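Working notes, beginning with the structure itself.
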Amino acid sequence: MTVAHLDDLDAIELPDGFVWRPVRRHFDIRAFGVNAYTTREAGGQIVEEHTEDSLGHEEIYLVLRGRARFTIDGNGHELAAGQLVFVSDPKLRRGAVALDADTAVLALGGKPGAAHTVSAWEAMFAAVPASRAEDWDEAIRIHMEALEEQPEHGALLYNLACMEARGGRTLDALLHLQRAVQLEPKWAAYASKDSDFAAIRSEPGFPAA
Amino acid sequence: MSGYEILSLDDLERVPYRGSGEVLRPLRLRLGFRPFGVNVWSADAADDKLIPPHEEDSGHEELYVVVRGTARFTVGEETFDAPAGTLIHAKAGTFRTATAAEAATMVLAAGAKEGEPFVPGGWESVHLAFAQLEAGDAAAGRATMEAAIAENEHAWGGNYNVACYLALAGETDEAIEYLRKAIELNREQVRKWLPHDTDLDPIRADPRFQELAG
């Protein structure tokens with residue numbers, strides 16, 4: 001048994017300005033998806049704009065404190081603490097902006113009829129502080145840990161290759177990038193323009209766009 | 001509205017938990033949420049019961065989120081106060097229960113079994129159906145139970161619970177048939193419950209019951 005207050009969880013500030021609170025990762029919950037998001041000031045993004053099309057998740061977003069303005073499929077809704085939006089259609093674009101400072105939103109999600117699989121984006125988010133600090137060993141470790149569970153995940157392999165390229169591990173970067181491109185050819189085009197690969201783009205074996 | 005729905009937790013139905021009196025707010029049933037179990041428990045006054053004592057012998061791991069107020073949890077042998085925003089993770093097999101440490105406390109509970117697709121156990125429907133029966137709406141109660149069976153017709157527990165419901169509702173013939181099906185699905189589990197389940201008292205003297213219990 002473990003207990004933690006939401007405010008004591010890691011606060012990982014992401015590029016869009018919202019703060020990810022890694023609930024599932026903190027408790028190592030394996031049976032379902034659950035995370036929380038907070039913000040430091042009113043007006044900030046609190047749930048990133050996205051769809052669940054690739055994962056097929058049904059999701060519940062519950063406002064735990066403060067207020068948030070959700071936009072679901074182009075429609076705006078202001079939700080206060082104790083209100084939730086259940087998005088059953090994974091194709092619908094959803095996102096939210098905090099209306100009060102220190103708003104908190106709990107997100108619960110999973111794919112109906114399937115055993116839960118940990119979403120690969122969690123490792124990518126978890127590696128953001130290490131990447132920001134250019135601690136490439138730690139960023140690589142976080143990606144490798146996730147890759148053990150999902151060894152054929154294209155986006156994970158691509159991001160791992162980015163970290164390895166930045167960290168000077170040229171051979172590892174080339175191997176993981178090649179594997180990502182084998183699985184999903186779209187990564188070759190991304191790699192051709194990605195500044196993370198600047199140091200290795202002229203190496204033999206770098207995938208052609 | 002298609003593909004999404006907005007609601008307030010305060011608008012969820014209040015369902016008395018049979019036997020121990022906690023107040024279930026059946027979120028999963030209300031939304032039709034399918035990936036895993038998720039419900040809400042609420043208490044109006046301090047010291048009211050909040051989460052029924054149990055151990056999740058279903059194999060579910062659970063996360064409790066204190067949405068408002070303060071809950072006094074006992075998990076394993078430890079008792080502690082959990083104010084709003086507290087997250088409590090309990091593994092399957094661990095004893096857990098909670099009371100409200102202040103008025104107007106509300107806790108969300110999510111749970112499922114690792115490595116398996118979620119299959120609704122139908123337990124929320126049992127409590128909802130009995131509440132409907134006790135409120136005098138036997139037809140609504142029956143519809144609730146039948147919907148639960150439709151979600152998972154091969155669960156012995158669902159069939160057994162319908163048998164209990166029908167026994168109390170005075171539908172003896174049908175109660176016997178559901179009990180027969182529950183026994184076909186899991187004889188061992190049903191026979192653990194049969195001797196002392198007072199829900200079945202109205203049909204206990206029926207010769208068909210005697211035969212099934214024999």
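None of these values were measured; they are calculated from a predicted model. To find a chain, count down the sequence lines: A is the first, B the second, and so on, and within it residues start at 1.
- Between B/Pro35 and A/Lys111, the closest heavy-atom pair is CB-N, 4.0 Å.
- With respect to chain B, the highest number of heavy-atom pairs below 4.5 Å among A/Arg30, A/His116, A/His26 belongs to A/Arg30.
- Side-chain contact check for A/Leu84 versus B/Ile6: every heavy-atom pair is 4.5 Å or farther apart.
- B/Leu63 has its side chain within reach of A/Phe32: a pair of non-hydrogen atoms, C-beta onward, lies under 4.5 Å apart.
- Heavy-atom distances place the side chain of B/Phe36, and not its backbone, under 4.5 Å from chain A.
- Nearest heavy-atom pair, A/Leu92 versus B/Ser2, reported as atom, atom and distance to 0.1 Å: CD1-O, 3.8 Å.
- Atom NZ of A/Lys186 is surrounded by more than 12 heavy atoms from other residues, nucleotides or ligands within 6.0 Å.
- Here the CD atom belonging to B/Glu62 is positioned 13.5 Å from the CZ atom belonging to A/Phe27, to the nearest 0.5 angstrom.
- For B/Val38, the part sitting under 4.5 Å from any heavy atom of chain A is the side chain, from C-beta outward, and nothing else.
- Between chain B and the residues A/Asp8, A/Leu79, A/Ile60, A/Leu64, the most heavy-atom pairs under 4.5 angstrom are made by A/Ile60.
- B/Val75 is not listed as a side-chain neighbour of A/Val3, based on a closest heavy-atom distance of 4.5 Å or more.
- Contact annotation for A/Val23: only side-chain heavy atoms (C-beta onward) come within less than 4.5 Å of a heavy atom of chain B.
- Among the candidates B/Ala82, B/Gly32, B/Gly111, the residue making the largest number of heavy-atom pairs closer than 4.5 Å to chain A is B/Gly111.
- With a 4.5 Å cut-off on side-chain heavy atoms, B/Val65 and A/Val34 do not count as touching.
- Rounding to the nearest 0.5 Å places CD of B/Glu114 at 8.0 Å from CG of A/Asp28.
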Problem set entry | Pair B/Tyr4-A/Asn75, side chain to side chain contact (heavy atoms under 4.5 Å, CB included): steps then yes or no | CA-CA 11 Å; B/Tyr4 74 99; A/Asn75 303 308; 3.1 Å; yes

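- To the nearest 0.5 Å, atoms OG1 (A/Thr2) and NZ (B/Lys91) are separated by 7.5 Å.
- With a 4.5 Å cut-off on non-hydrogen atoms, B/Glu116 touches chain A through its backbone but not through its side chain.
- When the shell of 6.0 Å around OH of B/Tyr178 is examined, it contains more than 12 heavy atoms from other residues, nucleotides or ligands.
- Within 6.0 Å of CD on A/Gln182 lie more than 12 heavy atoms contributed by other residues, nucleotides or ligands.
- Heavy-atom minimum distance, A/Ala115 versus B/Gly115: CB-C, 3.4 Å.
- To the nearest 0.5 Å, atoms CG (B/Leu87) and NE2 (A/His5) are separated by 8.0 Å.
- Judged by distance alone, with hydrogens and angles left aside, the side-chain atoms of A/Ser88 form a donor-acceptor pair with the main-chain N or O of B/Gly3 at under 3.5 Å.
- To the nearest 0.5 Å, atom CD1 of residue A/Ile29 and atom CD of residue B/Glu61 are 6.0 Å apart.
- Under the 4.0 Å criterion applied to side-chain N and carboxylate O atoms, B/Arg34 and A/Glu58 are assigned as salt-bridge partners.
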